[in-house]
Amino acid sequence: MFATVRALPFEVRQYLIVTGNYWAFTLTDGALRMLVVLHFYQLGYSPLSIAMLFVFYEIFGVVTNLVGGYLGARLGLNRTMNMGLGLQVAALAMLLVPSVWLTVPWVMASQACSGIAKDLNKMSAKSSVKMLVAKGDEGRLYRYIALLTGSKNALKGLGFFLGGALLSLLGFSGAIGLMAALLGIVWLLSIVNLKQDLGKAKNKPKFSELFSKSRSINILSAARLCLFAARDVWFVVALPVYLASQFGWGHTAVGGFLALWVIGYGAVQSIAPKLTGQSRTGHGCTGLSVAKVPDGGAALKWASLLTLLPASIALLMTLFAAPYAQATLLIGLLIFGAVFAVNSALHSYLIVSYASDDGVSLDVGFYYMANALGRLLGTLLSGWVYQAFGLMVCLWISTLLLGLTALISVWLPRR
């Protein structure tokens, strides 16, 4: 098997290492999120208090995407990816202290470290793909980005399941210790095998160049902010707590269902090029495949379709009594996940396509800063709105934010 891997082209081997790192990190990230939510809900924390545990995770993600893009362009994406893996090991180790030390400030600090790690890792992985695909081969770029993003989310879903299952089997400390040990091994292998200087800019960027000067990237970033706020306002805290409190589900059931949702979501992302109508039109003069790939018009269409879904779920749950209202939520969530997956995959392709070739991580980092801002807004709203008003209001706020996503997408460029 190792001989077969060594026989692959160098760019393919590097892509596999980047993807493997991203997969390993994502498993621990999804499991850690579910472990924290369920463990602290079990301890009696309110939904708003649980949401506050993740505030630093999202705030530091905002900063990390800006600074991380700058570091990636100056130091190389291999270094920023390895920094992310190492920080995640440290974040997990922080939670291995005696239970009396697991205060809210300490867990928030651990989540801050994890947030920095997650966005360094994601920015590095997404930026690396642009460097490993031949310039102008937009069809291949779209397929690679969709595969990377889709597989990541499928594994994040598996991480949700592992988090719930490991909490039941090993307890909080046992689960955290196992994940820290396994990810530490991946980190050491990455340090040895990932190419030096991957993605390092030829012209060293100045710190003043952190903010994108591209109109298309600024518009796409604003749409991304609203898109992810619309998802997280009902998914991050409100939904797991609702399933546990209203459905009476245990840790493994909640983690398992959300795992299946995210795995399905990732699977749809992986086949997004087929769903959005990508088609080959032969070969250009360079010998690269020429493909019809989506543009701003496709992003507008799919965002408009997604806007209808949380409103429909809220209306039907109001009209139906239990158990039909519960069935409506579960079925609606599955449909929402599929359509959201296509939206997310489209955005992930467009940002890498729009990004400049030299110092790609600067543009990708700025875009994922907006992504992190959206997650931060959605996380805070998820805890506060659910505690104060319930799940229905979370769904209506999601509808409003998706309407803004569609409106902003009107100004995305058409090819």
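Along the sequence shown, residues carry numbers from 1.
- Of the possible donor and acceptor atoms, none in the side chain of N371 sits under 3.5 Å from a partner among the backbone N and O of Y367.
- Between F340 and W261, the distance separating the two ring centers is not shorter than 6.0 angstrom.
- With a 6.0 Å cutoff to the six-membered ring centre and a 45° limit on the axis angle, R33 counts as a cation-pi contact of F54.
- Put simply, the side chain of S221 reaches to within 4.5 Å of the side chain of F366, judged on heavy atoms.
- You'll find the side chain of V89 stays beyond 4.5 Å of the side chain of L85, heavy atoms only.
- Judged purely by distance below 3.5 Å, without hydrogens or angles, the side chains of D29 and Y57 pair a donor atom with an acceptor atom.
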* Start with the C-alpha distance between F336 and W234, add both sets of side-chain angles, then the distance that settles ring pair (Phe, Tyr, Trp, His ring centres under 6.0 Å), and finish with yes or no. => CA-CA 12 Å; F336 178 90; W234 66 293; 5.1 Å; yes

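- In this structure, L227 and L306 have side chains that are in contact, with non-hydrogen atoms separated by less than 4.5 Å.
- The backbone N or O of A91 lies less than 3.5 Å from a partner atom in the side chain of S110, making a donor-acceptor pair.
- No donor-acceptor distance shorter than 3.5 angstrom exists from the side chain of W411 to the backbone of I219, with no hydrogens or angles considered.
- Contact check for Q111 versus F60: no side-chain heavy atoms found under the 4.5 Å cut-off.
- Counted by atom type alone, D232 and T379 present zero donor-acceptor pairs between their side chains at under 3.5 Å.
- Judged by distance alone, the side chain of S190 and the main-chain N or O of V186 form no donor-acceptor pair under 3.5 Å.
- Heavy atoms from other residues, nucleotides or ligands lying under 6.0 Å from CH2 of W396 number more than 12.
- Distance alone, capped at 3.5 Å, places no donor-acceptor pair between the S353 side chain and the Y349 backbone.
- In terms of modelled atom types and a separation under 3.5 Å, the side chain of S382 and the main chain of A238 share a donor-acceptor contact.
- Counting heavy atoms from C-beta outward, V342 and L346 have side chains that approach closer than 4.5 Å.
- Two residues are said to be in side-chain contact when any heavy atoms from C-beta on lie closer than 4.5 Å; L373 and Y368 fail this criterion.
- When the shell of 6.0 Å around CZ of F172 is examined, it contains more than 12 heavy atoms from other residues, nucleotides or ligands.
- The main-chain N or O of M179 is never found under 3.5 Å from a side-chain atom of T28 such that the two would form a donor-acceptor pair.
- Put simply, the side chain of S114 never gets that close to the backbone of Q88: no donor and acceptor are under 3.5 Å apart.
- Enclosure of atom CE in M317 by more than 12 non-hydrogen atoms of other residues, nucleotides or ligands within 6.0 angstrom is indicated.
- For residues 366-376, the salt bridge (Lys or Arg N to Asp or Glu O under 4.0 Å) pairs, not counting sequence neighbours, are E58-R375, D119-R375.
- Every residue meeting the side chain to side chain donor-acceptor pair (under 3.5 Å) condition with S46, not counting sequence neighbours, appears here in chain and number order: S49, Q387.
- The shortest distance between side-chain heavy atoms of T307 and T405 does not fall below 4.5 Å.
- Counting heavy atoms from C-beta on, the side chains of Y242 and L329 come closer than 4.5 Å.
- Between the side chain of T64 and the backbone N or O of L120 there is no donor-acceptor pair closer than 3.5 Å.
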